[in-house]
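Quick notes on the structure that follows.
These numbers come from the heavy atoms of this one structure, side chains and all, not from hydrogens, waters or symmetry mates.
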Amino acid sequence: MTQSLPFEITKEDSFYEKLGDYVGDVFYDILPEHGYELRDEQIFMAFQIEQAFKNKSVVFAEAGVGTGKTFVYLLYAICYARYTRKPAIISCADETLIEQLVKEGGDIEKLEKALGLTVDVRLAKAREQYVCVKKLDYLSHRTDDEDILSVHDEIPEFVYEPAASMKSFHRYGDRKEYPWVPNDKWEKIAWDPLQQCSTCDWRHRCGQTLNREYYRHASDLIICSHDFYMEHIWTKESRKREGQLPLLPEASTVVFDEGHLLEFSAQKGLTYRFHSETLSSILTGYMDQDVREESLTLVEEILELHDNWFAHLSDSAIAVEGSVRKDVPRTETMIEIAKAIAEKVDALLEQLVFDSELYVMEDYHVKIMEEYLEFFAYGLRTLLQDGEGIHWLEETETQTSLVIMPRLVEDILRKEVFSQKIPFVFSSATLSQAGDFSYTASSLGIQKYASFSVNSPFDYETQMKMNGTVSQSEKEKWEEMGRALNQNKGHSLLLFSSLEEMNRFRKWADQESWDFTIIYEGDREISETVKAFQREQSTVLCSYHLWEGLDVPGESLTQVLISSLPFPPNDPVFQAKRSHSENPVNEVDLPYMLLRLRQGIGRLIRSSADHGSVRIWMTEEQVSTYEKQIQEVLPLPINWN
């Protein structure tokens, strides 16, 4: 459905002139009439972003908390989408940020009410955010877990009725619909890369499929995560070759909210993920076909090598705090087995040609085999080229995965993303290092761009206190945090650098008594957790993930406690970055930590009426080494106590 522009325009008019006039009316007249404060920062930002739309170019819009940057980019994105008749894509750092935009009382709803608009906004969530009916149905007959069985009971009847009319189909299966399920249980019933969706019996009744069909027809906005947008970029050509539609439709513009995190999603999206069971499953199916003896021998040899390889990877993997990525040393044994597998996989691909020509295999099985073996071989070649790829192991209760990722993604991003002649807007409070945007731009392969910075309008000197504490032990730190929580009677956000650190605090806190509720990230679906924190004002929220995106103005949040400086983990991805830097601390660790620290501090003051305090814990060594750099990016001096 095509929607009309919110202003009149004739064939003789310039769209950009009319748009500029309308935007001026919105910020100077319409929004103030609805109680919104007129902000010079917002007007300046609007003018700068307008140039990016006129020139169809890249702009880095660094704007502090409270500048109203979301209203600005939404207004331009909606109008440009209606002008071009293509939806705008708003790509957010994660699912939490998506919920902040579309929640009841969120920025989109506020804009609709103020401007009298009806915005057609639809969500394109990551595949892991949808229940997999195939997994759920299988598990429901083998478990007595009430959480999982409750999800099974919530699945619509048409899913299980083969004779159901398509007219009765409706969207379902979103993670948000099952808030009672903790993250660890959700993984057991959610989509995962092992699922062969193209051959699944449930495919046309799948919640993911129905939701995808819905968001494709958005006329104004499609909101997704950075991870999902990057998956779309990396898979769109292969999906076209296979006769499938790309994950996202062609867009008029792309806005990257919290765009400083895009590089990590790009790297994550362009990975080769090898599950220990997948190759065995595919090759076993091949052995069931009427194939020649030479092919069977190769399959048996590959399977034996593959089992030995994964056993070696698991035995040598080293866990890293703050990351699910286990470090796998590049041993001679690992490389020798990988080379042997690669040689035999290449040989099997040649044998497939003979088997298909002899009609001993169905075309469908040949295609599945070829696609996976070529994928497997390409990933192995990346691994074997020392210095080209980064690799690590991920292990859960049910599966082991080797992940291989290219070290640098800027060349691919330059070609596949930023070569498009459309406006790209990067929006965040933290895009530069002291006004220099080159670090972010170069890591994304962006050569030409416009940029600007706008400071927050808040009066931090009167609204916020900034405190720092040096602790001698972790137990002492937990006790100091406990005293701070009790003095503030809850109303606090605790930010941790890792899940492990949060769990250590939780173990200590569980032995204490509190006059308020402490809730932890991961116990429930994230948007439901945030709602509970905002609704019950004395609650304490503990998180290792919500350094960005959490927007809770008012009395629910009057204290932010930062347990430790958020340096990047020593996992294979960051180790690779460090190994290719002349000064790893200044080029990798410090920029990452300072950006994340600024984001965490920014959770406290979200409106001109907010107030409260931030307290940061550091070691004595960190104070002597980093205090100067930290102080330079903070809105206030640190008071040490």
Could [X] and [Y] be called an ion pair, given the rule that one side-chain N must be under 4.0 Å from one carboxylate O?
X: E301; Y: K344; answer: yes
X: R578; Y: E587; answer: no
X: D137; Y: K135; answer: no

Point-to-point distance, once rounded to the nearest 0.5 Å, from [atom1] of [X] to [atom2] of [Y]:
X: T430; Y: H260; atom1: OG1; atom2: NE2; value: 3.5 Å
X: S276; Y: D307; atom1: OG; atom2: CG; value: 8.5 Å
X: K69; Y: L74; atom1: NZ; atom2: CG; value: 11.5 Å
X: L313; Y: T400; atom1: CG; atom2: OG1; value: 9.0 Å
X: M230; Y: S265; atom1: CE; atom2: OG; value: 7.5 Å
X: D227; Y: R127; atom1: CG; atom2: CZ; value: 12.0 Å

With no hydrogens and no angle check, is any side-chain donor or acceptor of [X] less than 3.5 Å from a backbone partner on [Y]?
X: R330; Y: L383; result: yes
X: W392; Y: L402; result: no
X: S443; Y: T440; result: yes
X: D174; Y: K176; result: yes
X: E343; Y: A340; result: no
X: E521; Y: Y544; result: yes
X: D346; Y: A377; result: no
X: W186; Y: E128; result: yes
X: T209; Y: R203; result: yes

> Taking it one step at a time, do V131 and I155 satisfy side-chain contact (heavy atoms from CB on, under 4.5 Å)?
Replying inline: CA-CA 9 Å; V131 67; I155 300 298; 4.1 Å; yes
>> Would you call the rings of F376 and H306 parallel, tilted or perpendicular, taking 30° and 60° as the class edges?
In response: tilted
> Relative to the ring of F60, is the ring of Y449 parallel (under 30°), tilted (30 to 60°) or perpendicular (over 60°)?
Replying inline: perpendicular
Mind checking whether [X] and [Y] have ring centres under 6.0 Å apart?
X: F256; Y: Y229; answer: yes
X: Y592; Y: F574; answer: yes
X: F228; Y: H232; answer: no
X: W202; Y: Y160; answer: yes
X: H170; Y: F158; answer: yes

[X] versus [Y]: any side-chain heavy-atom pair under 4.5 Å?
X: I446; Y: F424; value: no
X: L546; Y: I526; value: yes
X: R212; Y: Y215; value: yes
X: E258; Y: C92; value: no
X: E304; Y: N308; value: yes
X: D147; Y: P182; value: yes
X: D120; Y: L221; value: no
X: I189; Y: I148; value: yes

>> Tell me whether H545 at atom NE2 has more than 12 heavy atoms from other residues, nucleotides or ligands lying less than 6.0 Å away.
In response: no
>> Surrounding OH of Y378 (heavy atoms of other residues, nucleotides or ligands, distance under 6.0 Å), is the total greater than 12?
In response: no
> Under the salt bridge (charged side-chain N to carboxylate O under 4.0 Å, His left out) rule, what pairs show up with a residue in residues 415-425, not counting sequence neighbours?
Replying inline: none
Shortest non-hydrogen contact between [X] and [Y], atoms and distance:
X: V588; Y: S581; result: CG2-OG, 3.4 Å
X: L75; Y: L111; result: N-CD2, 4.3 Å
X: L279; Y: L373; result: CD1-CD2, 4.0 Å
X: A429; Y: Q599; result: N-NE2, 4.3 Å
X: T235; Y: E231; result: OG1-O, 2.6 Å
X: L384; Y: A342; result: CD1-CB, 4.4 Å

> Between F426 and L262, does a side-chain contact (heavy atoms from CB on, under 4.5 Å) hold up when you go through it step by step?
Replying inline: CA-CA 9 Å; F426 285 79; L262 185 64; 3.8 Å; yes
Quick one: do the [X] and [Y] side chains pair a donor with an acceptor below 3.5 Å?
X: E525; Y: S527; answer: yes
X: Q208; Y: Q129; answer: no
X: R175; Y: N183; answer: yes
X: E395; Y: S314; answer: yes
X: E394; Y: S401; answer: no
X: S91; Y: H226; answer: yes

> Could you go step by step and tell me if Q351 and L298 meet the side-chain contact (heavy atoms from CB on, under 4.5 Å) rule?
Replying inline: CA-CA 9 Å; Q351 294 292 342; L298 269 174; 3.6 Å; yes
>> Listing request: all side-chain hydrogen bond (donor to acceptor under 3.5 Å, both in side chains) pairs with a residue in residues 245-257, at least two apart in sequence or in separate chains.
In response: Y73-D257, K86-E250
>> As a quick check of understanding, evaluate side-chain contact (heavy atoms from CB on, under 4.5 Å) for E177 and E154, giving each step before the final call.
In response: CA-CA 9 Å; E177 296 171 22; E154 293 283 325; over 6 Å; no
> Please walk me through it: do R596 and E548 pass salt bridge (charged side-chain N to carboxylate O under 4.0 Å, His left out)?
Replying inline: CA-CA 8 Å; R596 202 159 175 80; E548 295 100 357; 3.4 Å; yes
